[in-house]
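Below, chain A is the first sequence line, B the second, and so on; all start at residue 1.
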There are 2 protein chains.
Amino acid sequence: MARKTGDKYQAIIDAAVKVIARHGYHHAQVSKIAREANVADGTIYLYFKNKDDILISLFKEKMGSFFETTHHHLNELDRAEDKLRELIHLHFSLLSENRDLAIVTQIELRQSDPDIRYQIGVTMKRYFQIIDDIVSQGIEEGVFRDDLDVRIIRRMIFGTIDEAITAWVMKDQKYDIVSLTDSFHSLFVNGLRAR
Amino acid sequence: MARKTGDKYQAIIDAAVKVIARHGYHHAQVSKIAREANVADGTIYLYFKNKDDILISLFKEKMGSFFETTHHHLNELDRAEDKLRELIHLHFSLLSENRDLAIVTQIELRQSDPDIRYQIGVTMKRYFQIIDDIVSQGIEEGVFRDDLDVRIIRRMIFGTIDEAITAWVMKDQKYDIVSLTDSFHSLFVNGLRAR
DNA sequence: TTATGGTGACTGAATGTTCATTCATTGTGT
DNA sequence: ACACAATGAATGAACATTCAGTCACCATAA
């Protein structure tokens with residue numbers, strides 16, 4: 001059980017992304033994922049404990065590596081404001097370039113047992129930490145306001161990005177979301193008030 | 001089928017909220033909902049087309065009436081800024097006062113077939129329209145910036161509120177979210193920049 | 001007043017389907 | 001000839017939905 005390496009492990013995860021994106025969570029039977037991965041039904045269980053484990057692993061693998069990439073990119077930059085722009089840009093880019101993954105993470109994987117949800121939550125914490133760090137840095141630099149809880153600010157940033165991507169996915173990705181990076185950045189930093 | 005009135009119709013919807021909140025979507029069998037509503041399994045099908053129809057109706061009834069309330073409250077106010085504060089306040093209040101409903105709408109109902117999702121989307125449009133109206137009014141009044149698409153601003157407002165409530169639900173509602181109204185309002189209006 | 005019949009709401013056991021999971025068997029490389 | 005990977009048909013559990021039967025109530029007539 002649960003060998004975490006090998007071509008088949010990756011093949012099954014990629015097949016799962018494809019099948020779930022195309023048919024929806026409720027019609028993503030194990031047998032369908034197996035066929036897409038060119039593997040027998042039983043083989044799935046040599047690599048994953050059960051069906052939930054496929055979904056948890058999928059999220060950890062795909063999002064985990066995205067978070068790593070983000071972390072490294074941000075380290076190249078100095079100012080909190082620039083880091084924030086880069087974060088928005090990377091988030092929009094990644095999901096633009098992976099439509100299937102966007103559908104799965106924004107829509108299909110939101111349905112799940114407490115188990116899966118819990119595991120997703122654990123993985124997400126790393127991302128929240130990255131955002132919190134940017135905000136804290138901005139406050140220290142004196143360019144971000146210091147009268148609000150960091151978590152409130154983080155929720156605005158994450159909630160807005162998340163909602164924007166979900167809307168983009170729902171609209172069948174008809175517009176270029178990456179080009180909206182600066183609008184969102186400016187909205188965060190300058191707020192709603194006319195000036 | 002689908003009598004939309006009567007005690008039992010409401011009883012079944014309320015039972016569904018309770019059962020889904022307590023046991024999660026995947027363990028909310030029709031028979032469990034029936035038992036909670038003090039009704040036989042078969043009776044459900046006198047009032048609802050099928051299980052999905054329960055969920056769709058649940059969302060329409062509960063959220064629909066919330067949107068109405070919101071709409072009326074906002075009409076009592078003049079300035080866009082005040083309307084925005086009231087919107088945040090109402091949204092936080094409603095879901096604070098209905099823990100079960102909050103769990104169901106924020107978490108459990110996000111899992112669902114395209115069908116349910118579509119119907120939820122239709123219902124949500126009314127709410128998005130309410131937010132869009134506030135934003136448009138603010139721009140006309142000259143107090144909100146006019147260089148961004150109204151929908152981008154709406155996504156910030158809705159996304160932030162939604163994320164905040166989800167986080168509150170996930171943390172087992174350990175803090176008073178209503179008291180955060182002004183923080184969020186100030187964050188929207190004044191943005192992130194130190195001043 | 002009491003029997004009769006009709007109506008429609010309600011019941012819940014039985015049905016049938018849909019999969020996730022298992023495991024006896026087969027294949028492959030060394 | 002051994003070890004290990006892979007197979008896929010068979011299993012059984014879960015559960016939405018159905019429907020033949022019961023019940024409660026009312027109107028009418030004797």
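- Atom C1' of nucleotide dA16(D) and atom OH of Y47(B) are separated by 20 Å, given to the nearest angstrom.
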(request) Summarise protein proximity over nucleotides 15-24 of chain C in one line of letters, 5' to 3': B for base, S for sugar-phosphate only, - for none, counting protein heavy atoms closer than 4.0 Å. (result) ----SSBB--

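- Atom C1' of nucleotide dG8(C) and atom CG of L46(B) are separated by 10 Å, given to the nearest angstrom.
- Shown here are the ring-ring contact (aromatic ring centres under 6.0 Å, His included) partners of F59(A), two or more places apart in sequence or in another chain: there are none.
- Under the rule for a side-chain hydrogen bond (donor to acceptor under 3.5 Å, both in side chains), the partners of D133(A) that lie at least two apart in sequence or sit in another chain are Q129(A).
- Going from atom CG of L55(B) over to atom P of dA16(D) covers 10 Å, rounded to whole Å.
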Distance-only donor-acceptor hits, side chain of residues 159-168 of chain B, under 3.5 Å, sequence neighbours excluded:
residue	atom	partner	partner atom	Å
T160(B)	OG1	T160(A)	OG1	3.3
T160(B)	OG1	M156(B)	O	2.6
D162(B)	OD1	R110(B)	NH2	3.0
D162(B)	OD2	R110(B)	NH1	3.0
T166(B)	OG1	Q106(B)	OE1	2.9
T166(B)	OG1	D162(B)	O	3.0
W168(B)	NE1	Y175(B)	O	2.8

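- For K62(B), the salt bridge (Lys or Arg N to Asp or Glu O under 4.0 Å) partners at least two apart in sequence or on another chain are D14(B).
- Straight-line distance from the CD1 atom of I33(B) to the P atom of dC15(D): 12 Å, rounded to whole Å.
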Output side-chain donor-acceptor pairs under 3.5 Å for residues 183-191 of chain B, partner residues at least two apart or in another chain, one line each.
residue	atom	partner	partner atom	Å
H185(B)	ND1	R85(B)	NH2	3.4
H185(B)	NE2	E81(B)	O	3.0
S186(B)	OG	R145(A)	NH1	3.0
S186(B)	OG	R145(A)	NH2	2.5
N190(B)	OD1	R193(A)	NH2	2.9

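- In this structure, I44(B) atom CD1 and dG12(C) atom P are separated by 13 Å, rounded to whole Å.
- Separating the OH atom of Y9(A) from the P atom of dA5(D) is a distance of 17 Å, rounded to the nearest angstrom.
- Sorted by first then second residue, the side-chain hydrogen bond (donor to acceptor under 3.5 Å, both in side chains) pairs that include residues 33-44 of chain B, not counting sequence neighbours, number zero.
- For the pair K51(B) and Y25(B), the cation-pi test (distance below 6.0 Å, angle within 45°) is passed.
- Listed by chain and number, the residues in a ring-ring contact (aromatic ring centres under 6.0 Å, His included) with Y127(B) are F66(B), F67(B), H91(B) (sequence neighbours excluded).
- Helical stems in DNA chain C, defined as runs of 3 or more consecutive Watson-Crick or G-U wobble pairs with both donor-acceptor distances under 3.5 Å, are listed by first residue as C:1-30 with D:1-30.
- Among dT7(D), dA9(C), dA6(D), the nucleotide with an atom closest to any side-chain atom of A40(A) is dT7(D).
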